[in-house]
Amino acid sequence: MTVESVKSEPQIYAEPEGAPVEPPFADGGVPLLGHGWKLVRDPLAFLAGLREHGDVVRLRLGPKAVYAVTTPELTGAIALSPDYIIAGPLWESLESLLGKEGVATANGPLHRRQRRTIQPAFRQDALHAYGPVMEEEVAALMARWRSAGTIDATTEAFRAVVRISVSCLMRGSCTDERAERVSAALTTLFRGMYQRMVIPLGPLYRLPLPANREFNRALADLHLLVDEIVADRRASGRNPDDLLTALLEAKDENGEPIGHQEIHDQVVAMLTAGSETVGAVLISLLLVLTERPELADKIRAEVNTVAGDGPIAFGDVRKLTYTANVVVETMRLYPSVWILTRRAVTDTELGGYRIPAGADIVYSPYAIQRDPRSFERHEEFDPDRWLPGRDTEVPKYAMKPFSVGNRKCPADHFSMAELTLLTAAAARAFAFEHAPGSDPRPRIGITLRPRALRLRPVPRRSE
């Protein structure tokens, strides 16, 4: 199964009849903070509950009115329509990290040129070249866990995906020390950015408070690290066939080399997507293997059938269909990207509701992917729902973890291969148990992951 195979027609939800009307306001707003306090206190329940009030509902975040969308076909319309761009509270909170010139935040012609620059790094033939690197990193991770009494899943997952991303896409630029710095910095940054998104009180975040100083130190260290990676590559004189070389050799619309800031922002975007989002999914996968050992047993049986007694090869990934379905179902129930925002660039309408130019739109993949109108047994973990034939029961835009249209993640196949390989190797090598101090409750930030997952990896005996 691939996520792209979910192509059935969307369900039809009731829309207002006649001319577009103003969406209703959600209940529970308070002066100054609006609905931001609910997004801090229990955002998952709050966003999931909005579906009971309509397909489009207005919220207040601080002084801003924000339009929340609750149905899959309307989120698909937003993603595919030129009337909406990457902007809004989420991206404003991320701007200090991602900048304005990277593929994650750019719009229009700049974004299209940037995608053309980076897309070759994720072609199918390029992915096969990354296979040996992924195999080596996964083997090293399993070896480290065999000698560990307990592991901090957060640290281990982020270190693994950072090393894989940098080793594959920026070859020769990764060290253990740099991987640790990226992981530590992003953990601090994504925690602080969520607060800045839901309670946008800009001046207060410039006060010299301990939390603000910690945030600023992490931000400065990440940008310094990226400058080190780029400077080292320039000084080396090497031009391996990787993403960083493609950026350094890229030309702008006038045939001139792209500027340092654009290169910097592109590298930040790749590091962020390759660590925070994929790492959060990997942590959730480790939780699934821990709390659903019967699934881990099925994965192990599939791996042994496909790979025999030998190591799991990158070429085995396409044959690990059950393992891939576990990955997809984990992304459905525990999406790392659980909230997204867009901005309307013209007066338009959505689902029969009036959307004015400049309006910010918010929607939650978490809420969409747990909607009982789209998924039978919506809270149940069922990898078999992605079997051929059954996956067509899912509405078209109800499960798009890599997005659609021109904002579709260029690294979707890379990420799926990476997660499938890591999950297969972990389930084959270990049974996992919670260790003291483990807290699997969701940690709410810009991304979603378990709060503090501490595990005991118990080596499995060879059969």
Side-chain angles (χ1 to χ4, degrees), residues 3 39 43-44 47-48 75 79 86 90-91 93-94 97-98 103-105 152-162 164-165 182-183 185-195 197-198 268-291 324-341 362-370 381 383 386 398-404 407-423 426 439-453:
V3 176
L39 283 169
L44 301 179
L47 291 170
T75 62
I86 289 288
L90 171 64
W91 303 104
S93 71
L94 288 171
L97 169 60
L98 299 178
V103 70
T105 51
D152 181 330
T154 301
T155 300
E156 293 294 311
F158 284 143
R159 179 194 290 126
V161 298
V162 166
I164 289 173
S165 294
V182 169
S183 299
L186 288 178
T187 297
T188 298
L189 292 170
F190 277 78
R191 181 173 60 243
M193 284 171 180
Y194 177 67
Q195 182 176 341
M197 179 183 73
V198 299
V268 169
M270 292 298 104
L271 282 176
T272 302
S275 55
E276 180 66 23
T277 54
V278 178
V281 174
L282 180 56
I283 300 167
S284 294
L285 279 162
L286 291 172
L287 176 62
V288 167
L289 296 180
T290 303
E291 299 195 338
N325 288 350
V326 171
V327 173
V328 173
E329 183 70 346
T330 299
M331 290 192 292
R332 182 183 76 85
L333 284 173
Y334 310 107
S336 59
V337 180
W338 63 277
I339 189 168
L340 288 167
T341 64
V362 60
Y363 59 96
S364 171
Y366 179 94
I368 295 291
Q369 291 166 195
R370 289 173 175 249
F381 193 102
W386 305 111
M399 181 60 186
K400 293 295 182 183
F402 297 108
S403 194
V404 296
R407 307 310 308 204
K408 183 172 181 285
C409 174
D412 53 348
H413 294 293
F414 180 96
S415 299
M416 274 299 298
E418 175 184 13
L419 288 167
T420 302
L421 190 62
L422 283 161
T423 303
D439 185 352
R441 291 176 298 169
R443 171 194 170 277
I444 310 298
I446 294 293
T447 55
L448 179 69
R449 57 179 169 82
R451 187 170 298 184
L453 197 61

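Numbers here are sequence positions counted from 1. The figures that follow rest on heavy atoms only: side chains count, while hydrogens, waters and symmetry mates do not.
Between R443 and P450 the shortest side-chain heavy-atom distance does not fall below 4.5 Å. The shortest side-chain heavy-atom distance between T341 and Y363 does not fall under the 4.5 Å cut-off. Counting only heavy atoms from C-beta outward, the side chains of M399 and M331 approach each other to under 4.5 Å. Here the side chains of L47 and L39 are in contact, with some heavy-atom distance below 4.5 Å. Taking the side chain as every heavy atom from C-beta outward, Y334 and V281 never approach each other to under 4.5 Å. When side chains are defined from C-beta on, Y366 does not count as touching L333, because their heavy atoms never get closer than 4.5 Å. In this structure, the side chains of V278 and F414 stay at 4.5 Å or more apart for every pair of heavy atoms.
For A48, the side-chain contact (heavy atoms from CB on, under 4.5 Å) partners are R51, A367, not counting sequence neighbours. Taking R449 as the reference, nothing meets the salt bridge (charged side-chain N to carboxylate O under 4.0 Å, His left out) condition, with sequence neighbours excluded. Remark: S275 pairs with V161, V162, V182, L186 by the side-chain contact (heavy atoms from CB on, under 4.5 Å) rule, at least two apart or across chains. By the salt bridge (charged side-chain N to carboxylate O under 4.0 Å, His left out) test, R370 is found to be paired with E379, residues two or more places apart in sequence or in another chain being considered. The side-chain contact (heavy atoms from CB on, under 4.5 Å) test applied to T420 returns V317, L320, T323, A324, V327, M416, not counting sequence neighbours. Legend: residues meeting side-chain contact (heavy atoms from CB on, under 4.5 Å) with I444, ordered by chain and number and at least two apart, are P43, L44, Y194, W338, P442, L448.
The OG atom of S336 sits 11.0 Å away from the CG atom of L282 when rounded to the nearest 0.5 Å. Rounding to the nearest 0.5 angstrom, the gap separating the CD1 atom in I339 from the CD1 atom in I446 is 8.0 Å. In this structure, T423 OG1 and L286 CG are separated by 7.5 Å, a value rounded to the nearest 0.5 Å. A distance of 7.5 Å separates CG of L453 from CD1 of I283, quoted to the nearest 0.5 Å. Note that CD1 of I86 is 7.5 Å distant from CG of L340, once rounded to the nearest 0.5 Å.
Contacts classified as side chain to side chain donor-acceptor pair (under 3.5 Å) and involving residues 276-291 (residues at least two apart or in different chains) are given here: E276-T447, E291-H434. Counting only residues at least two apart or on different chains, the salt bridge (Lys or Arg N to Asp or Glu O under 4.0 Å) pairs with a member in residues 324-338 are E329-R332, E329-R385.
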